[in-house]
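Before any comments, here is the structure.
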Amino acid sequence: MQHLKIYKDVDEVIESLAKVICDSAEESIKNRGVFNFVLAGGGSPKKLSELLASDAYKNKIDWRNTYFFFGDERFVPENDEERNSLMVKKALLDPLNIQKSHIFNVDTTTTPGEAAMKYWEVIKSHFKDGPILFDFILLGLGDNSHTASLFPQTSVLEATEATIKSVWVEEVDRYRITMTAPLINQAHQIAFLVFGGGKAEAVYHILEDQSGSSAEYPARLITKDPEKVTWFLDEAAASQLK
């Protein structure tokens with residue numbers, strides 16, 4: 001069974017998720033000394049980033065022991081408005097004055113393949129070549145059932161290794177840099193943040209539909225372990241579930 005948390009509206013969804021992130025940070029820092037937090041870009045997580053940086057939440061996490069990563073990134077220049085990291089920088093990292101050494105951005109000044117390889121090396125170095133187990137990974141869900149940059153019918157869906165890959169996504173006519181599903185699945189905790197009626201069909205395909213394959217519905221590649229994964233949904237996004 002999937003672990004689902006369904007709320008009346010977007011604000012309730014975001015508030016609930018923010019509290020879970022605070023608890024996860026506290027537990028991670030207590031047990032491991034750090035909180036390795038993987039962020040998502042796009043419109044949905046922006047509200048969450050703003051809430052975590054707000055007066056109500058900014059003192060609830062020990063940011064000095066928090067390190068920030070990105071589950072995926074668009075292969076565009078550093079200051080391009082389409083960058084996931086730029087949204088997070090403006091909404092969360094700058095308001096909290098997070099030190100640069102705690103932010104792991106994807107370097108897109110080289111080729112896509114080199115960018116992926118470099119990001120992986122940086123991550124391995126942070127974990128001191130030990131097991132790469134992120135404490136909390138935030139994921140969104142596209143209306144085409146993609147998550148991170150695991151898009152339908154793309155080569156990265158076949159990855160069996162926990163690593164970072166570059167992938168050409170025909171649908172958006174662009175390269176993306178992404179964590180593979182095996183890398184995401186190693187995390188201590190994973191949360192899907194999904195709201196709005198436009199996502200209801202995708203939510204149904206991932207959580208209840210028995211037809212089709214993960215090549216069509218890539219978010220199915222993410223572990224279904226209820227001890228690890230929680231879906232945070234509003235009623236509109238959950239409207240096609242039984």
Side-chain angles (χ1 to χ4, degrees), residues 4-29 34-74 76-106 134-143 146-149 176 178-179 184 187 189-199 202-203 229-238:
L4 307 182
K5 288 179 174 280
I6 301 171
Y7 298 92
K8 186 168 58 100
D9 57 33
V10 176
D11 290 340
E12 286 186 15
V13 176
I14 300 287
E15 185 88 30
S16 172
L17 179 51
K19 287 175 181 172
V20 168
I21 291 170
C22 290
D23 290 344
S24 179
E26 184 178 356
E27 183 184 351
S28 298
I29 292 167
V34 295
F35 181 47
N36 291 309
F37 185 17
V38 179
L39 298 153
S44 299
K46 187 180 178 188
K47 283 175 174 279
L48 175 67
S49 290
E50 290 169 344
L51 182 61
L52 289 173
S54 71
D55 289 343
Y57 276 88
K58 67 182 181 184
N59 296 319
K60 293 187 176 184
I61 290 177
D62 177 2
W63 301 111
R64 293 164 306 170
N65 288 305
T66 300
Y67 293 84
F68 299 89
F69 302 82
F70 294 88
D72 74 317
E73 186 58 274
R74 297 173 171 96
V76 293
E78 184 180 356
N79 293 315
D80 192 299
E81 288 295 328
E82 294 223 341
R83 269 185 82 98
N84 291 336
S85 55
L86 190 60
M87 179 282 286
V88 174
K89 182 177 187 290
K90 290 177 178 178
L92 178 69
L93 305 176
D94 282 355
L96 293 173
N97 293 313
I98 301 297
Q99 54 188 310
K100 285 186 177 176
S101 62
H102 284 223
I103 304 165
F104 291 79
N105 290 317
V106 178
F134 292 102
D135 295 305
F136 197 100
I137 295 185
L138 177 65
L139 295 173
L141 183 71
D143 52 17
H146 87 271
T147 191
S149 281
R176 298 282 191 106
T178 188
M179 292 183 176
I184 293 169
Q189 207 169 352
I190 300 165
F192 277 91
L193 169 61
V194 191
F195 53 81
K199 302 291 177 75
V203 169
V229 183
T230 305
W231 285 72
F232 291 81
L233 307 165
D234 70 348
E235 288 179 357

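Because only heavy atoms are used, hydrogens play no part in the values below, and waters and symmetry mates are left out as well, while side chains stay in.
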Can you name the closest pair of heavy atoms from [X] and [Y] and give their distance?
X: Ser149; Y: Thr178; result: N-OG1, 3.1 Å
X: Ala236; Y: Gly196; result: CB-C, 3.8 Å
X: Asp234; Y: Val10; result: OD2-CG2, 4.0 Å
X: Gly71; Y: Ala148; result: O-CB, 4.2 Å

* When you look at Tyr7 and Ile14, which way does the side-chain contact (heavy atoms from CB on, under 4.5 Å) test go after all the steps? -> CA-CA 9 Å; Tyr7 298 92; Ile14 300 287; over 6 Å; no
* Structure fact -> Those residues at least two apart in sequence (or on a different chain) that pass side-chain hydrogen bond (donor to acceptor under 3.5 Å, both in side chains) with Asn84 are Asp72, Arg74
* Hey, can you tell me if Trp63 and Phe68 have their rings parallel, tilted or perpendicular (30° and 60° cut-offs)? => parallel
Report all side-chain donor-acceptor pairs from residues 44-53 shorter than 3.5 Å, counting only partners two or more places apart or in another chain.
| unit_1 | atom_1 | unit_2 | atom_2 | d |
| --- | --- | --- | --- | --- |
| Ser49 | OG | Pro45 | O | 3.4 |

Side-chain contact, heavy-atom cut-off 4.5 Å: [X] with [Y]?
X: Phe136; Y: Ile190; value: no
X: Phe232; Y: Ile6; value: no
X: Leu39; Y: Leu92; value: yes
X: Leu96; Y: Asp94; value: no
X: Leu86; Y: Asp80; value: no
X: Ile21; Y: Phe35; value: yes
X: Val229; Y: Gln189; value: no
X: Phe192; Y: Thr147; value: yes

* Asked: Only one of Leu193, Ile184, Val38 forms a side-chain contact (heavy atoms from CB on, under 4.5 Å) with Leu139, so which one is it?
  -> Ile184
Can you tell me how far the [atom1] atom of [X] sits from the [atom2] atom of [Y], to the nearest 0.5 Å?
X: Leu17; Y: Glu12; atom1: CG; atom2: CD; answer: 13.5 Å
X: Lys60; Y: Asp23; atom1: NZ; atom2: CG; answer: 9.5 Å
X: Ile98; Y: Lys100; atom1: CD1; atom2: NZ; answer: 13.5 Å

Is it the case that the side chain of [X] and the backbone of [Y] share a donor-acceptor pair, with hydrogens and angles ignored and the cut-off at 3.5 Å?
X: Asn65; Y: Ile29; result: no
X: His102; Y: Tyr67; result: no
X: Ser28; Y: Ser24; result: yes

* Asked: Got a sec, which residues hit salt bridge (Lys or Arg N to Asp or Glu O under 4.0 Å) with Asp62, two or more places apart in sequence or on another chain?
  -> Arg64
* Asked: Within a radius of less than 6.0 Å around CD of Glu27, do more than 12 heavy atoms belonging to other residues, nucleotides or ligands occur?
  -> no
* To do: Examine Phe134 together with Phe69 and report whether their ring centres are nearer than 6.0 Å.
  => yes
* To do: Evaluate the salt bridge (charged side-chain N to carboxylate O under 4.0 Å, His left out) criterion for residues Glu81 and Lys90: first the C-alpha distance (whole Å), next the side-chain angles of each, then the deciding distance (0.1 Å), finally the verdict.
  => CA-CA 11 Å; Glu81 288 295 328; Lys90 290 177 178 178; 3.1 Å; yes
* From CA spacing to verdict: side chain to side chain donor-acceptor pair (under 3.5 Å), Ser85, Arg83 -> CA-CA 5 Å; Ser85 55; Arg83 269 185 82 98; 3.0 Å; yes
* Evaluate side-chain contact (heavy atoms from CB on, under 4.5 Å) for Phe70 paired with Asn105, printing each intermediate quantity in order. => CA-CA 7 Å; Phe70 294 88; Asn105 290 317; 3.2 Å; yes
